[in-house]
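Below you'll find the structure, written out as structure tokens, and then a few comments.
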Amino acid sequence: MLTALIGFAGLLAVAFLGFPLGLSMLLAGFVGVGVLRGWTPALETVSQQIIDVALNTNFAVLPMFLLMGAFVYRAALSDDLYDCANAWFGHLKGGLALATVAACGGFSAISGSSAATAATMAKVAVPSMRRFHYADSIAAGTVAAGGTMGFLIPPSAALIVYGILTEESIADLFIAGILPGILTIAIYMAVIVLLARLRPKDCPRGDKAGWPERWRSLYRVWAVLALFLLILGGISFGMFTPNEAGGIGAIGALAFAIGRRRMTWRILFEAILEAARTSALIFTIIIGALVLNNFVILSGLSFEMVEWIETLSLPPIVIILIILGFYVVLGTVIEGLAMIFLTVPIFVPVVEGLGFDLVWFGIVMVMVVEISLITPPIGLNVFVLKSMLPDVPLSTIFRGILPFFAADIVRLLLVVFFPAIALFLPRILS
Amino acid sequence: MSRFRLAYLVFVAAGVFAMSALTFVDVIGRYFFNAPIPGSFEIVGLILGLSVIGAFPLVTLSESHITVDLFDRAFVGRARIVRSFVVRLGTAAMMAFMGERLLVTAFDEMKADFVTENLGVSRGPLLIVMSAILFVTALGMICVMVHRYRNPAGKAESVD
């Protein structure tokens, strides 16, 4: 255990120095395995992990879904999604904020990027809410919180990464994310309804759209919604593997962008390169995390942690709550994906040792990471929003986020205490 | 943008797009024509290696890897310069290390006449290309390090 702790201290020192996280983990894992088992096995471990990750067809799911997101992002779908949600919800009290949450859910599901969703929706939704005299705190808080949903609603890069690191089925993780994703949208909408009751002047009604306008707005986005349903339905009912769904999603999204006359050779090239770059930086960390994982297993750290936890005689659910509390605190200083990579090798064996389902824990972990995106002082989405709305003070944005933060804690506890919310669909569909 | 750089970017982009296109055609072929592409699953894996490792120079030389920047502000003045120097040198060393590992594996596989399960092809040449990309990335990182040391305010793109 001492070796493992020294290894982690070394890892943190190198990472905090500013060394790329993936390479820090690779270095710490390599040195750790070398010290525990000798340098030849350590060298072989590094070779094996690079090959296992870089040439593993199952991991192609990541670049393919990233490519789908890049195409959809460039198809300028956000305006149409928002107009559609606005046509259906805008006339209600707090309707523009409700429309923003619905559009954020739709956009983040397809684009898979929280930051892209927050940035895009800030441009699309906030001017409209300001025109109707929504309070800046509510407008900014809605977009910042709504943007976080990209982490959970499948197909999500975070779930793919978790699946790769833990060898859990990516299809099961996607299916398990559906109900918690719907729950998130429902709870965020409930927050807005409540705010509209408490502060009606800050969340007025928008214009009421007629039925022809509503159907027209739906017509403009039906193709991408159909693509989303095809991918999710295909995976859920066993028609496609996640890899195949990724291929269909990417080419389908390209066809969608071409159909909307948004695709040029230059945009196509940029979108593919963006997916390639993001894949490379995530793969670097996956390779590092898996080498580190070997070191953690060899060191017996997880086994000793489970033994130590058992001596505390605490109920397992209390241990889970302590781990989640740790995540919330860690999320205030470390970026979301980095947090997953750093902690999965330590906590997942502990959670498994306590007898919990790892698909459920994956969903719970991703939900906590979502929360970290809006938690001060480094909530990524907050800063994305601040850069898009420089005239809105950070304190106003954080004030607007507070009700959503409280809602996040509630939905997290719901999924923790009622695991069926995550596990019901994977169980009946498998 | 130099022609070489453009050609390289096209090579990486073609790889990433090819994975999706091949998977798409395979699924359509299987469901609608009962004719999947033989070995497509394996081909996608091989392209994945080439395109992901191929994108390493793009993220490494532009210094856009995920980092924990919690203590960035603690490094000022000379300490910042020294830190950047160490991080870039270390990054170059790790890229070279990964490249060396792939090269050793390539020679091991070729020596053992290892071939893939379905297509029956050797991965050796592919691993050598991937290894070469990592060595070039390491070299490029050293160029970035020297360039940034001489022009602290310059942009990485100018090094490309």
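What you see below is based on every heavy atom in this structure, not just the backbone, and it leaves out hydrogens, waters and symmetry mates. Values in this document were obtained by computation on a predicted structure and should not be read as measured data. Numbers restart at 1 for each chain; the letters A, B, ... are given by sequence-line order, proteins then strands.
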Fill in the blank from the handout: Looking only at A:A245, A:A276, A:G246, most heavy-atom pairs under 4.5 Å shared with chain B are made by A:A276
Exercise for the section: Find out whether A:S279 and B:V16 are in side-chain contact, i.e. whether some heavy atom of one side chain is under 4.5 Å from a heavy atom of the other. Expected result: no
Exercise for the section: Taking the side chain as every heavy atom from C-beta outward, state whether A:L17 and B:V86 have any atom pair closer than 4.5 Å. Expected result: yes
Completion exercise
Minimal heavy-atom distance between A:L67 and B:S20, with the atoms involved, is CD2-OG, 3.4 Å
Completion exercise
If one checks every heavy atom of A:L43 against chain B at 4.5 Å, the contacting part turns out to be both
Problem - Non-hydrogen atoms of A:A280 and B:V52 that approach each other most closely - result: CB-O, 3.8 Å
Handout entry: Side chain to side chain, A:F240 and B:Y31, heavy atoms closer than 4.5 Å
Key = yes
Handout entry: Part of B:L102 lying under 4.5 Å from any heavy atom of chain A
Key = side chain
Problem - N/O donor-acceptor pair under 3.5 Å between B:T67 side chain and A:P20 backbone - result: no
Problem - Pairwise side-chain contact, A:L254 with B:F24, heavy-atom cut-off 4.5 Å (strictly under) - result: no
Handout entry: Test item: A:F283 and B:I53 side chains (from C-beta on) under 4.5 Å apart, heavy atoms
Key = no
Problem - Distance, nearest 0.5 Å, that separates CG of A:L26 from CE of B:M94 - result: 3.5 Å
Problem - Distance, nearest 0.5 Å, that separates CZ of A:R277 from OG of B:S62 - result: 6.5 Å
Practice task
State whether the number of non-hydrogen atoms from other residues, nucleotides or ligands found under 6.0 Å of B:F114 atom CZ is greater than 12.
Solution key: yes
Practice task
Would you check if A:F269 and B:L9 make a side-chain contact, meaning some heavy-atom pair closer than 4.5 Å?
Solution key: yes
Completion exercise
Looking only at A:N56, A:T284, A:I287, most heavy-atom pairs under 4.5 Å shared with chain B are made by A:T284
Handout entry: Pair B:R101 + A:E44, salt bridge at N-O below 4.0 Å
Key = no
Completion exercise
d(A:S47 OG, B:L127 CG) to nearest 0.5 Å is 10.0 Å
Problem - Pairs of heavy atoms under 4.5 Å with chain B: top-ranked of A:G249, A:G18, A:G22 - result: A:G18
Handout entry: Per-residue contact mode, A:V53 against chain B (heavy atom under 4.5 angstrom)
Key = backbone
Practice task
Name the member of B:V10, B:V12, B:I28 that forms the most heavy-atom pairs with chain A at distances under 4.5 Å.
Solution key: B:V10
Exercise for the section: Measure A:M68 against the heavy atoms of chain B and call it side chain, backbone, both or neither at under 4.5 Å. Expected result: neither
Completion exercise
Pair count under 4.5 Å, heavy atoms only, with chain B: among A:L268, A:I251, A:L23, highest is A:I251
Problem - Verdict with reasoning, A:N58 to B:F41, per side-chain contact (heavy atoms from CB on, under 4.5 Å) - result: CA-CA 9 Å; A:N58 290 322; B:F41 189 74; 3.4 Å; yes
Problem - Heavy-atom contact with chain A under 4.5 Å, split by part of B:I43 - result: neither
Handout entry: Side-chain heavy-atom pair A:F59, B:V44 within 4.5 angstrom cut-off
Key = no
Practice task
Look at the rings of A:F30 and B:F97 and say which category their plane angle falls in: under 30° parallel, 30 to 60° tilted, over 60° perpendicular.
Solution key: tilted
Practice task
Heavy-atom distances under 4.5 Å only: say whether B:R88 touches chain A with side chain, backbone, both or neither.
Solution key: neither
Problem - Which atoms of B:M19 approach chain A - backbone, side chain, both or neither, heavy atom under 4.5 Å - result: both
Fill in the blank from the handout: Taken to the nearest 0.5 Å, the spacing of B:I66 CD1 from A:L21 CG works out to 7.0 Å
Problem - Non-hydrogen atoms of B:A13 and A:L273 that approach each other most closely - result: CB-CD2, 4.2 Å
Handout entry: Any B:R123 side-chain heavy atom under 4.5 Å of A:L55 side chain
Key = yes
Handout entry: Contacting region of B:T105 [heavy-atom separation from chain A under 4.5 Å]
Key = side chain
